[in-house]
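Before any comments, here is the structure.
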Amino acid sequence: MRSSLTLLGTLWAFLSLVTAVASSTSYFLPYWLFGSQLGKPVSFSTFRRCNYPVRGKGQSLIMVEECGRYASFNAIPSLAWQMCTVVTGAGCALLLLVALTAVLGCCMEELISRMMGRCMGAAQFVGGLLISSGCALYPLGWNSPEIMQTCGNVSNQFQLGTCRLGWAYYCAGGGAAATMLICTWLSCFAGRHPKPVMLVESIMRNTNSYAMELDHCLKP
């Protein structure tokens with residue numbers, strides 16, 4: 001089984017998969033922001049949170065210690081976080097699509113040409129740029145009432161108050177940066193064939209070959 005990738009291309013496929021999984025996993029985990037409320041630790045991502053207050057008996061607030069996503073898109077605390085959710089999600093989906101295609105290129109000879117590899121690198125750059133934009137939008141939502149309650153009522157845009165950024169935020173941003181700086185460059189040397197090899201033409205050649213063999217066998 002021959003690969004359509006060079007040695008650098010194989011490295012590109014591996015790093016593409018690692019960075020895509022790192023960014024996508026961080027996107028889904030609610031550990032972008034850490035704070036506390038009612039004496040309990042609280043954490044957020046863009047569309048999920050761990051530990052939240054509810055009204056108990058006597059209208060007193062109690063903390064429910066569990067993680068979950070917001071009930072609806074409109075329930076996300078701020079417009080900036082809603083935009084961040086969409087932009088970062090689109091970037092992660094694009095990185096995963098390119099990474100899976102690159103991994104398939106390790107097993108299929110005529111899948112990725114040099115030109116296609118460069119196009120996939122451009123798609124990776126766009127995906128990394130989308131995730132980076134999501135990370136840049138995230139601090140714009142720190143002035144929402146829900147976040148302020150968790151951050152000592154002193155947080156504001158680009159001011160954390162008593163909260164701190166979580167490891168998932170750095171992991172998402174780091175994965176995007178590695179994709180843009182390393183994977184995009186490696187993609188220029190990923191394809192083995194200098195010119196695109198059309199899969200349809202390969203199938204037609206094989207079909208014609210089989211037809212000729214069949215015709216030869218049917219002749220008396």
Side-chain angles (χ1 to χ4, degrees), residues 19-99 123-181:
T19 54
V21 169
S23 296
S24 301
T25 302
S26 302
Y27 172 66
F28 282 100
L29 292 177
Y31 304 122
W32 284 41
L33 184 68
F34 288 99
S36 63
Q37 190 173 359
L38 300 179
K40 299 290 184 180
V42 178
S43 61
F44 298 89
S45 65
T46 60
F47 64 98
R48 301 187 70 203
R49 105 172 243 171
C50 286
N51 303 343
Y52 53 91
V54 296
R55 293 286 180 183
K57 294 180 180 179
Q59 298 300 307
S60 61
L61 287 175
I62 60 173
M63 292 295 291
V64 177
E65 298 185 45
E66 65 179 18
C67 297
R69 63 178 179 82
Y70 288 100
S72 66
F73 184 76
N74 291 329
I76 295 175
S78 68
L79 176 62
W81 281 22
Q82 292 174 355
M83 294 171 61
C84 181
T85 299
V86 174
V87 169
T88 307
C92 289
L94 189 56
L95 292 192
L96 283 173
L97 178 62
V98 172
Q124 283 183 308
F125 187 86
V126 172
L129 188 62
L130 288 173
I131 297 174
S132 300
S133 300
C135 291
L137 286 169
Y138 193 66
L140 296 176
W142 294 348
N143 62 345
S144 67
E146 184 174 338
I147 307 305
M148 293 181 67
Q149 292 170 8
T150 306
C151 300
N153 291 311
V154 291
S155 65
N156 204 337
Q157 292 181 350
F158 297 98
Q159 296 179 7
L160 275 172
T162 59
C163 293
R164 60 184 176 86
L165 286 173
W167 60 267
Y169 178 84
Y170 293 111
C171 189
T179 298
M180 296 171 67
L181 296 176

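Model, not experiment: these values are computed from the prediction. Computed over heavy atoms, backbone and side chain alike; hydrogens, waters and symmetry mates excluded.
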Evaluation steps, side-chain contact (heavy atoms from CB on, under 4.5 Å), between Thr179 and Phe125: CA-CA 7 Å; Thr179 298; Phe125 187 86; over 6 Å; no
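- Interatomic distance, OH of Tyr52 versus CD of Glu146, reported as 11.5 Å (0.5 Å rounding).
- Within the model, atoms OH of Tyr169 and SG of Cys135 stand 5.0 Å from one another, a figure rounded to the nearest 0.5 Å.
- Applying the salt bridge (Lys or Arg N to Asp or Glu O under 4.0 Å) test to every pair with at least one member in residues 75-96, sequence neighbours left out, gives no pairs at all.
- The aromatic ring centres of Phe47 and Tyr27 sit less than 6.0 Å apart.
- Here the shortest heavy-atom pairing between Gly175 and Thr19 reads O-CB, 3.8 Å.
- Between Phe44 and Trp81 the shortest side-chain heavy-atom distance falls below 4.5 Å.
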Test log, rule side-chain contact (heavy atoms from CB on, under 4.5 Å), inputs Leu140 and Leu137: CA-CA 6 Å; Leu140 296 176; Leu137 286 169; 3.7 Å; yes
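- Under the 2.5 Å SG-SG cutoff, Cys50 and Cys67 qualify as a close cysteine pair.
- Summarising the geometry, atom SG belonging to Cys151 is positioned 11.0 Å from atom CG belonging to Asn143; distances are rounded to the nearest 0.5 Å.
- Using a 4.5 Å cut-off on side-chain heavy atoms (C-beta onward), Arg49 and Pro30 make no contact.
- Under the 3.5 Å distance criterion, the side-chain polar atoms of Arg48 are left unmatched by any main-chain donor or acceptor of Tyr70.
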CA sep, side-chain torsions, deciding dist, call: Phe158, Asn156, side-chain contact (heavy atoms from CB on, under 4.5 Å): CA-CA 6 Å; Phe158 297 98; Asn156 204 337; over 6 Å; no
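- Here Ser43 contributes atom OG and Leu29 contributes atom CG; the two are 9.5 Å apart, rounded to the nearest 0.5 Å.
- Of all non-hydrogen atoms in Thr150 and Cys163, the two that sit nearest each other are O-SG, 3.7 Å.
- A donor-acceptor contact shorter than 3.5 Å is absent between the side chain of Ser36 and the backbone of Gly39.
- Put simply, the side chain of Ser155 does not reach to within 4.5 Å of the side chain of Leu160, judged on heavy atoms.
- The closest side-chain heavy-atom distance from Ser23 to Ile131 is below 4.5 Å.
- Residues Ser144 and Ile147 form a side-chain contact, since some pair of their non-hydrogen atoms from C-beta on lies under 4.5 Å apart.
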Criterion side-chain contact (heavy atoms from CB on, under 4.5 Å) on Asn51 and Gln37, from CA distance to verdict: CA-CA 9 Å; Asn51 303 343; Gln37 190 173 359; over 6 Å; no
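- In this structure, Phe34 and Pro41 have side chains that are not in contact, with every pair of non-hydrogen atoms separated by 4.5 Å or more.
- Side-chain contact check for Ile62 versus Val54: some heavy-atom pair is nearer than 4.5 Å.
- Looking at every heavy atom in both residues, Ala71 comes nearest to Ala75 through N-CB, 4.3 Å.
- Between atom OH of residue Tyr31 and atom OG of residue Ser26 there is a gap of 12.0 Å, rounded to the nearest 0.5 Å.
- Considering only heavy atoms from C-beta on, Gln124 stays 4.5 Å or farther from Leu94 through its side chain.
- Under a 3.5 Å cut-off, the side chain of Thr88 and the backbone N or O of Cys84 do form a donor-acceptor pair.
- Of the listed residues (Thr85, Ile76, Leu33), just one forms a side chain to side chain contact (heavy atoms under 4.5 Å, CB included) with Thr46, and that residue is Thr85.
- Aromatic ring pairs are classed by plane angle as parallel below 30°, tilted from 30° to 60° and perpendicular above 60°; the pair Trp142 and Tyr138 is perpendicular.
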